[in-house]
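See below for the structure under consideration.
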There are 2 protein chains.
Amino acid sequence: MYSGQVPKTAPPQVRAALVERAAAMLARREPVTLRSVVAGTGASTMAVYTHFGGMPGLWRAVREEGFARLAARLAAVPPTDDPVRDVVALGAAYTENAFAHPDLYRAMFDEVAGLADRSAADGGFSALVAAADRARAAGRFAPDCDPEQLAVRVWASGHGLTTLVLTGVLPVEVLLAQWPRIAVALFVAVGDEPDRCARSVDAAWPPRLPTPP
Amino acid sequence: MYSGQVPKTAPPQVRAALVERAAAMLARREPVTLRSVVAGTGASTMAVYTHFGGMPGLWRAVREEGFARLAARLAAVPPTDDPVRDVVALGAAYTENAFAHPDLYRAMFDEVAGLADRSAADGGFSALVAAADRARAAGRFAPDCDPEQLAVRVWASGHGLTTLVLTGVLPVEVLLAQWPRIAVALFVAVGDEPDRCARSVDAAWPPRLPTPP
DNA sequence: CCAGAATACATAGCAGTGCTATACCTCGGT
DNA sequence: ACCGAGGTATAGCACTGCTATGTATTCTGG
């Protein structure tokens, strides 16, 4: 039979509902499968194909949603008069987001290639670049320091530690203890004064991580 | 029917054959499925269950094989009279291995928890620790520098850049250009003299990466 | 040297997966 | 009021990992 009597609210709402449900199931560590995703929404399996072209398309949308949430979280970090502190604060917000939604974080970086909307991912990164550029403008970093390259170094080291912790290779304590040391080394290498740098880093670290059950 | 006429060579050889075939199919980017793996070996699907207890067990064995190959590759890096150079050489060998077997590398770090034989993974890491310790003993690093912690910082930053490149987020050039800068920053932060450090890093970088098709 | 036990094997079939073909309903424009 | 376009539901496809069952092979003890 056909249950067309259901009041159709808005057609594009199905898209968001499916993505949201998939992300929620991912967070609950439930298996995210075609039939299980559509089961809660009342929609049929075909909805995934009309809206996303298949399961890979749905995963792509979920990854984009994850990057959008990350970018929103990073955008909520308020700039202060200490731009070096702000860089570390962005790093802390980054790890907080990763540990708040670990499976979503892993899915995000499973395969970024072929992402339709890369602006969300770039948005988060550009916040880091902007903070580094402010530090350079404030005289904390050397004038010839490329903010974008420094941001890559900061991001890659934090991402590496985060993934190693999330996959169970390293305990969380290692991330908490080692990332500030990497950050100080990177900042001092581009001209920041060691003591002042350490104070700035300590002002925004450690992040508030959820206690693992 | 049962083809028992086939000359059975050695029973445990089946294990290695299945792992090797799975790794080879992974490298060829073919879908590694239960039936496709056993197809080439002439064995039946049950072999996977008697030897590995299922597909997850096979994947676990493949990951261990990957870590063993990595450890062997790192062990082949000859120590020189410049221990700082050796640390970078280990990093170069690490990235060379990752880019030579990208899918195996990704599978290795998909889920390290529950790895039966962690000695292989630790073996590669201890080589890095040993080189850092030699640098400390040679006076390049400060006496209070913990080689293990420094090794974690070096490894995590390299791992982060490597995974970001392998997943398509960053181009290879970023890895080649930024990792030595991270390494110099980390080494100088623990006491190495900047100019000498730069020379040591340049002596072992960049790695020889296979040209991507 | 040979019984008995333990192990590995091949086959068939199970539930579940992503996906597609087809018929159906709903809706917007002339 | 019609009719074409597009989203939807259903059924079925090939495939996945896995298990039950019966059989062959290998190891062990006397």
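Order of the sequence lines fixes the chain letters, A, B, ..., with proteins taken first and strands second; residue numbering starts at 1 for each chain. Predicted, not measured: the structure shown is a model, and the values here were computed from it. Only this structure's heavy atoms are used, side chains among them; waters, hydrogens and symmetry mates stay out.
For B/Tyr49 and C/dA10, the OH to C1' distance is 15 Å, given to the nearest whole Å. We find that CG of A/Leu18 is positioned 13 Å from P of C/dG18, with the value rounded to whole Å. As a whole-Å value, the separation of B/Leu58 CG from D/dT16 P is 14 Å. Following rounding to the nearest Å, B/Trp59 (CH2) and D/dC18 (P) show an atom-to-atom distance of 12 Å. In this structure, the CD atom of B/Glu30 is 13 Å from the P atom of D/dT16, given to the nearest Å. Protein atom CG of B/Leu34 is 12 Å distant from nucleotide atom C1' of D/dT19, rounded to whole Å.
Interface remark: the B/Arg35 side chain does form a donor-acceptor pair with the D/dG17 base, using a distance-only criterion of under 3.5 Å.
Residue B/Thr45 places none of its side-chain N or O atoms closer than 4.0 Å to OP1 or OP2 of D/dG17. Using a 4.0 Å cut-off, some side-chain N or O of B/Thr50 falls inside it from OP1 or OP2 of C/dC9. Taking only side-chain nitrogens and oxygens, B/Thr33 comes nearer than 4.0 Å to OP1 or OP2 of D/dG17.
Within the 4.0 angstrom heavy-atom criterion, base atoms lie near A/Met46. In this structure, A/Pro31 reaches neither bases nor backbone, as no heavy-atom distance under 4.0 Å exists between it and the strands shown.
Picking from D/dG17, D/dT8, C/dC9 the nucleotide with the shortest atom distance to the side chain of B/Met55 gives D/dG17.
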List the steps, then state whether side-chain hydrogen bond (donor to acceptor under 3.5 Å, both in side chains) holds for A/Ser200 with A/Arg140. CA-CA 11 Å; A/Ser200 293; A/Arg140 296 287 294 271; 2.9 Å; yes
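Shown here are the salt bridge (Lys or Arg N to Asp or Glu O under 4.0 Å) partners of B/Asp146, two or more places apart in sequence or in another chain: there are none. Partners of B/Tyr105 by ring pair (Phe, Tyr, Trp, His ring centres under 6.0 Å), not counting sequence neighbours, listed by chain and number: B/Tyr94, B/Phe109, B/His159.
Salt-bridge formation is not detected for the pair B/Asp103/B/Arg106: no Lys NZ or Arg NE/NH1/NH2 atom is positioned less than 4.0 Å from an Asp or Glu carboxylate oxygen.
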